[in-house]
Amino acid sequence: MLRAARARRIAAATAFGGGGLTLVGGGTVALLHLQARLARNAIGRTQWDRPEADGVHGRGEGPPLDMLMAGDSTAAGFAVEKASQTPGVMLARGLSAAAERPVRLRCTAVPGATSASLEQQLERAGAHDSLNPYDVAVVFIGANDVIRRVSPNDAVSHLRAATGALVGAGTRVVVATCPDLGTVRPIGWPLRSVARRASRQLAAAQTIAVTEAGGRTVSLSDVLSGEFTADPTTMFGPDHFHPSAAGYAQASFAVLPSVCAAMGLLPEPEGTRGGGEGLLPADRAAVVAAETAGTEVSPMEPTDEELPVRGRWITRVRLPFRRASRNTRTEDSPTRAPGGAR
């Protein structure tokens with residue numbers, strides 16, 4: 001069970017220069033190294049001609065909203081054939097339907113990227129320009145930090161800095177936190193349990209760092225595990241590691257409500273929802289999110305009455321929205337926007 005103190009310790013270490021935390025301890029046994037080598041060999045090599053996703057998507061009245069998509073291979077939609085199958089385009093079209101305005105997408109995501117590369121991606125996108133900020137930025141990041149055994153202190157520090165820079169420029173930020181790598185089929189036990197623990201610890205620390213920097217997070221956790229187990233030939237891509245177009249659609253469906261909420265197109269949760277608290281301290285919310293796929297955590301200022309009880313950082317927690325069926329197709333209209341908009 002992931003503990004709030006562990007998530008808080010990782011996130012706090014990045015803020016105060018602490019060190020010594022690692023995703024996998026230095027005493028990792030030879031079996032884990034052997035399993036890691038076998039897993040790498042089981043993952044196929046895929047040549048990818050990246051489709052052009054940048055441009056204006058959707059339709060409606062008024063000038064386009066500007067959306068930035070940054071992060072790793074999941075953000076890029078690695079191995080899909082059509083731009084319409086990438087998460088960036090799916091989210092842009094869903095946001096356009098909800099806002100009834102076109103959306104101009106800029107995607108700087110790079111397969112293999114770690115959190116350290118986010119700053120370079122923001123620079124390429126011109127995202128530091130406070131005179132002409134993006135309306136919203138969506139970031140998928142974390143899996144490669146786990147795979148490459150990047151210190152979570154370093155990974156979270158880079159993500160915190162990127163989120164702070166975007167928020168400071170006037171951009172709303174939604175971060176899809178590290179997915180549960182324990183669901184990847186080529187990874188066997190006991191390496192799978194190590195990957196699961198490391199993924200969830202990083203996701204929880206990411207949630208704390210992002211909300212404290214003014215962004216909001218969505219937990220991917222094991223959002224794809226049920227569908228991947230039930231129908232791996234459909235949900236996995238050709239390398240047996242990355243999602244297929246249908247898998248990317250599932251991830252996009254989990255993130256779209258939070259993008260719409262960040263843009264003020266959905267009401268914020270209040271009070272109790274679905275049997276759980278709507279307001280939680282950031283560290284407790286981070287643990288709930290890491291364990292519950294699709295959970296959104298967003299920052300808010302505590303009232304004078306709440307401050308002594310809840311502490312400086314308090315968050316809203318939105319429990320998962322209903323997910324799409326695994327038969328979702330993504331050719332042209334991959335998702336339906338909240339509120340019935342098409």
Side-chain angles (χ1 to χ4, degrees), residues 50-77 83-84 86-110 113 115-142 158-177 206-207 209-218 248 251-252 254-266 268 296-299 335 337-338:
R50 184 170 183 163
E52 182 57 57
D54 290 356
V56 177
H57 302 278
R59 59 178 64 90
E61 300 295 329
L65 296 170
D66 286 308
M67 173 181 157
L68 173 64
M69 192 77 179
D72 55 23
S73 55
T74 303
S84 62
T86 64
V89 172
M90 287 189 273
L91 288 171
R93 291 182 175 182
L95 176 59
S96 172
E100 298 182 342
R101 291 175 60 180
V103 174
R104 182 186 296 110
L105 173 66
R106 174 78 166 96
C107 181
T108 58
V110 178
S115 299
S117 72
L118 290 176
E119 173 59 26
Q120 185 178 20
Q121 292 187 32
L122 298 191
E123 290 181 359
R124 290 208 329 265
H128 296 294
D129 184 2
S130 59
L131 297 179
N132 188 30
Y134 286 85
D135 293 291
V136 63
V138 181
V139 180
F140 284 68
I141 202 71
H158 288 297
L159 179 57
R160 184 198 303 270
T163 301
L166 286 165
V167 171
T171 299
R172 304 165 184 86
V173 179
V174 179
V175 175
T177 56
Q206 287 176 316
T207 295
V210 169
T211 54
E212 291 184 352
R216 64 180 70 205
T217 63
V218 181
Y248 289 127
S252 300
V255 174
L256 178 58
S258 295
V259 176
C260 293
M263 294 298 298
L265 301 172
L266 286 178
E268 297 289 359
E296 177 199 287
V297 181
S298 58
T335 53

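The first residue in the sequence is number 1, and the count goes up from there. Only heavy atoms go into these numbers, but all of them, side chains included; no hydrogens, no water, no symmetry mates.
Glu100 has its side chain out of reach of Leu265: every pair of non-hydrogen atoms, C-beta onward, lies at least 4.5 Å apart. Side-chain contact between Val56 and Pro102 is present, with at least one heavy-atom pair separated by less than 4.5 Å. Under the 4.5 Å side-chain criterion, counting only non-hydrogen atoms from C-beta, Met67 is in contact with Val138. Counting heavy atoms from C-beta outward, His128 and Glu123 have side chains that approach closer than 4.5 Å. The shortest distance between side-chain heavy atoms of Leu159 and Val175 falls below 4.5 Å. In this structure the side chain of Leu68 reaches within 4.5 angstrom of the side chain of Leu122, judged on heavy atoms. Using a 4.5 Å heavy-atom cutoff, the side chains of Leu118 and Val139 are in contact.
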**Request:** Please step through side chain to side chain contact (heavy atoms under 4.5 Å, CB included) for the pair Thr177 and Phe140, ending with a clear verdict.
**Result:** CA-CA 6 Å; Thr177 56; Phe140 284 68; over 6 Å; no
**Message:** Assess the residue pair Thr108 and Gln120 against the criterion (side chain to side chain contact (heavy atoms under 4.5 Å, CB included)); give the C-alpha distance rounded to whole Å, side-chain angles, the decisive distance to 0.1 Å, and a yes or no.
**Reply:** CA-CA 9 Å; Thr108 58; Gln120 185 178 20; over 6 Å; no
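No donor-acceptor distance shorter than 3.5 angstrom exists from the side chain of Ser117 to the backbone of Ala113, with no hydrogens or angles considered. Counting only distance, with no hydrogens or angles, the side chain of Arg172 and the backbone of Asp135 share a donor-acceptor pair below 3.5 Å. Distance alone, capped at 3.5 Å, places no donor-acceptor pair between the Ser298 side chain and the Arg216 backbone. Between the side chain of Tyr134 and the backbone N or O of Ala125 there is at least one donor-acceptor pair closer than 3.5 Å. Judged by distance alone, with hydrogens and angles left aside, the side-chain atoms of Thr171 form no donor-acceptor pair with the main-chain N or O of Val167 at under 3.5 Å. Of the possible donor and acceptor atoms, one in the side chain of Gln121 sits under 3.5 Å from a partner among the backbone N and O of Gly71. A distance-only check finds a donor-acceptor pair linking the side chain of Ser96 to the backbone of Arg59 [under 3.5 Å].
Between atom CG of residue Leu105 and atom CG of residue Asp54 there is a gap of 5.5 Å, rounded to the nearest 0.5 Å.
Put simply, the residue from Glu52, His57, Met69 that forms a side-chain contact (heavy atoms from CB on, under 4.5 Å) with Val89 is His57.
Salt-bridge formation is detected for the pair Glu212/Arg160: a Lys NZ or Arg NE/NH1/NH2 atom is positioned less than 4.0 Å from an Asp or Glu carboxylate oxygen.
In terms of heavy atoms, Ala53 sits closest to Thr86 at CB-OG1, 4.1 Å. Here the shortest heavy-atom pairing between Cys107 and Ala76 reads SG-CA, 4.5 Å. Looking at every heavy atom in both residues, Gly215 comes nearest to Pro299 through O-CD, 2.9 Å. Among all heavy-atom pairs drawn from Ser258 and Glu296, the shortest one is OG-OE1, 2.6 Å. Of all heavy-atom pairs spanning Leu256 and Leu95, the tightest one is CD1-N, 3.8 Å. Here the shortest heavy-atom pairing between Pro257 and Leu266 reads O-CD1, 3.3 Å.
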